[in-house]
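These notes are about the structure you will find just below.
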There are 2 protein chains.
Amino acid sequence: MNDSRNKKSPNRLRKARILVIEDSADHLLLIKNALQQSFTDVEAVIMTDEHTAIHYLEECMQTGLRLPQLILLDLYLPERENGWAFLTKVKNLNPEVGQIPVVVFSNSCNSEDIAESYDRGVASYVVKPMNFTEWTDYFQTLKEYWWETVLLPNTHSMY
Amino acid sequence: MNDSRNKKSPNRLRKARILVIEDSADHLLLIKNALQQSFTDVEAVIMTDEHTAIHYLEECMQTGLRLPQLILLDLYLPERENGWAFLTKVKNLNPEVGQIPVVVFSNSCNSEDIAESYDRGVASYVVKPMNFTEWTDYFQTLKEYWWETVLLPNTHSMY
């Protein structure tokens with residue numbers, strides 16, 4: 001067993017990378033601010049549609065560029081079919097890419113959207129918060145869970 | 001959109017159910033205590049091997065018994081092949097069962113175990129903490145993430 005884990009930061013926050021896929025300029029602003037407050041040492045790669053996000057992941061694989069360790073996906077980009085298309089592609093692109101946990105952020109509380117997202121292999125489904133304070137709270141929880149509790153895949157390729 | 005979500009408890013903590021699959025009596029004691037402290041209103045169903053866990057889920061489907069909303073899985077039961085076998089079965093048993101997020105709790109920090117777990121569709125991989133205080137901290141984070149931030153599948157069938 002390779003027990004090199006740092007107790008309060010198993011994923012070594014520094015230099016980690018998150019891929020954010022969001023088409024709303026307003027929500028992107030809130031997400032960027034919340035990321036800056038909570039994930040101070042995490043680089044966020046922002047994409048506004050599923051095609052450029054898949055292209056970016058393909059490019060990472062081809063060039064050896066460091067993959068993101070977590071993907072935040074807006075489901076409606078602007079239709080949910082865009083989010084479904086991203087999920088289908090990302091889970092079949094390459095085993096290393098398929099392992100990256102995807103957290104859906106959506107305005108929708110529709111139970112079909114929730115069920116279909118879990119069916120398509122998302123790690124979790126979060127309804128977008130209502131105001132900036134809540135966004136910050138949510139990202140703080142995300143950090144405590146994904147960076148300080150969970151061991152993410154591809155941690156070895158972070159440096 | 002059915003926005004009936006309660007801000008700080010989207011999954012309505014009361015009467016929720018977690019399935020815990022753990023073969024170590026010591027760890028089970030720690031988990032039970034941590035659950036009692038953090039998930040006061042959550043019913044934990046405890047199974048000590050993958051066969052009885054799958055049997056329980058099959059029984060839920062056959063009898064209409066309420067499914068768990070989250071599964072905590074010890075990977076080595078006692079071999080990791082037992083954990084892999086559970087993951088293969090649970091993801092193919094039934095769409096509703098396959099949607100339940102599985103959080104692996106393991107002593108292993110082995111990168112192959114982590115990668116293989118994410119390959120097999122786990123929502124996240126957590127290395128078991130070292131002492132009771134840490135177990136309680138981890139379960140507090142789990143509660144804040146899975147019960148107060150995320151929307152879990154099958155929430156409609158909780159009552």
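All values below come from the heavy atoms of this structure, side chains included, with hydrogens, waters and symmetry mates left out. Throughout, a chain's letter reflects where its sequence line sits, starting with A, and its residues are numbered from 1. Here the structure is a predicted model, which is why all the values come from computation and not from measurement.
Hydrophobic clustering of Ile, Leu, Val, Met, Phe, Trp and Tyr side chains at less than 4.5 Å, counting indirect connections, unites B:L65 with B:I46. Follow the hydrophobic side-chain contacts under 4.5 Å out from A:L29 and you never reach A:V126; the two are in separate clusters.
For chain B, no part of A:V102 is nearby; none of its heavy atoms comes within less than 4.5 Å. Contact of A:P95 with chain B is made through backbone and side chain together, with heavy-atom distances under 4.5 Å.
Within the structure, the salt bridge (charged side-chain N to carboxylate O under 4.0 Å, His left out) test picks out the following pairs touching residues 18-33 of chain B (sequence neighbours left out): B:E22-B:K128.
Annotation: ring pair (Phe, Tyr, Trp, His ring centres under 6.0 Å) contacts of B:H27 (sequence neighbours excluded): B:W135.
Atom-to-atom distance recorded for A:L142:CG and B:E144:CD is 12.0 Å, nearest 0.5 angstrom. The CD atom of A:E96 sits 13.5 Å away from atom OH of B:Y118, with the distance rounded to the nearest 0.5 Å. Distance check: B:T149 OG1 to A:E134 CD gives 10.0 Å after rounding to the nearest 0.5 Å.
No other option in B:G98, B:G121, B:A123 has as many heavy-atom pairs under 4.5 Å with chain A as B:A123.
Side-chain atoms of B:Y145 and A:S124 form a donor-acceptor pair, as typed in the model, at a separation below 3.5 Å.
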